[in-house]
Amino acid sequence: MSIQLLYVCQSASLDDQMDVAERIVKQNGYKVVKRFREKASASKHGNRPQFGQMIKMIEQGKANGIICWQANRLARNPGESGLVQQLLLDGKIQMIHTNDRIYYPWDNVLIFGVEAGMAALLCW
């Protein structure tokens with residue numbers, strides 16, 4: 001069974017994002033081990049403590065999936081985008097489930113990269 005992390009971050013309403021993510025959890029029967037609510041700005045790499053904690057849990061094997069409103073909530077700058085993409089490619093992240101797509105290591109890494117890159121441009 002995959003172990004999921006639920007992540008929401010500032011921009012759109014955190015409560016709205018959490019509602020969507022919780023709906024994804026319920027519809028798919030995911031087990032969520034931790035929920036993160038990020039309020040820090042993501043325009044610079046390393047400025048989001050909740051994101052850093054989430055990545056650390058994945059690197060330690062405590063979770064292998066992320067549920068979030070949109071992929072652009074995860075990757076708001078090139079450094080964090082590259083980190084998430086690499087973890088996905090390496091299979092440490094087995095899936096990222098958003099309200100409109102599921103990213104897997106074997107098929108949607110390129111699409112995630114494009115969407116994350118666009119999010120990084122919006123933060124400038």
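- In this structure Gln85 satisfies the side chain to side chain contact (heavy atoms under 4.5 Å, CB included) test together with Ser81, Val109, Phe112, sequence neighbours excluded.
- Taking all atoms of both residues into account, the shortest heavy-atom contact from Pro49 to Glu38 is CD-OE2, 3.4 Å.
- Taking 4.5 Å as the limit, some side-chain heavy atom of Phe36 sits within range of a side-chain heavy atom of Met57.
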**Prompt:** Is there a side-chain contact (heavy atoms from CB on, under 4.5 Å) between Thr98 and Tyr103 once you walk through the steps?
**Reply:** CA-CA 8 Å; Thr98 69; Tyr103 303 87; 3.8 Å; yes
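- Residues Trp69 and Asp16 form no side-chain contact, since every pair of their non-hydrogen atoms from C-beta on lies 4.5 Å or further apart.
- One finds the CG atom of Asp100 at 4.5 Å from the CD atom of Gln70 (value rounded to the nearest 0.5 Å).
- For Gln60, the side chain to side chain donor-acceptor pair (under 3.5 Å) test picks out Lys62, with sequence neighbours left out.
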**Derivation of the side-chain contact (heavy atoms from CB on, under 4.5 Å) call for Ile58 and Asn64** = CA-CA 6 Å; Ile58 291 167; Asn64 59 12; over 6 Å; no
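- Taking each heavy atom of Lys34 and Gln53 in turn, the nearest pair found is CE-NE2, 3.3 Å.
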**Request:** Would you sort out whether Arg37 and Gln50 count as a side-chain contact (heavy atoms from CB on, under 4.5 Å), showing the intermediate values?
**Result:** CA-CA 7 Å; Arg37 293 176 73 97; Gln50 297 292 304; 5.9 Å; no
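- Among pairs with a residue in residues 70-98, those fulfilling ring pair (Phe, Tyr, Trp, His ring centres under 6.0 Å) read Tyr30-His97, at least two apart in sequence or across chains.
- In this structure, Asp107 CG and Leu88 CG are separated by 9.0 Å, a value rounded to the nearest 0.5 Å.
- Note: Arg23 CZ to Ile67 CD1 = 13.0 Å, rounded to the nearest 0.5 Å.
- A donor-acceptor pair under 3.5 Å is absent between the side-chain atoms of Arg101 and the main chain of Ile96, judged by distance alone.
- For Asp19, the side chain to side chain donor-acceptor pair (under 3.5 Å) test picks out no residue, with sequence neighbours left out.
- Under the 4.5 Å side-chain criterion, counting only non-hydrogen atoms from C-beta, Met54 is not in contact with Arg48.
- Applying the side chain to side chain donor-acceptor pair (under 3.5 Å) criterion to Glu59, with sequence neighbours excluded, gives no partner residue.
- Across Leu89 and Pro105, no two heavy atoms sit closer than the pair CD2-O, 4.4 Å.
- In terms of heavy atoms, Ile55 sits closest to Val84 at CD1-CG2, 4.3 Å.
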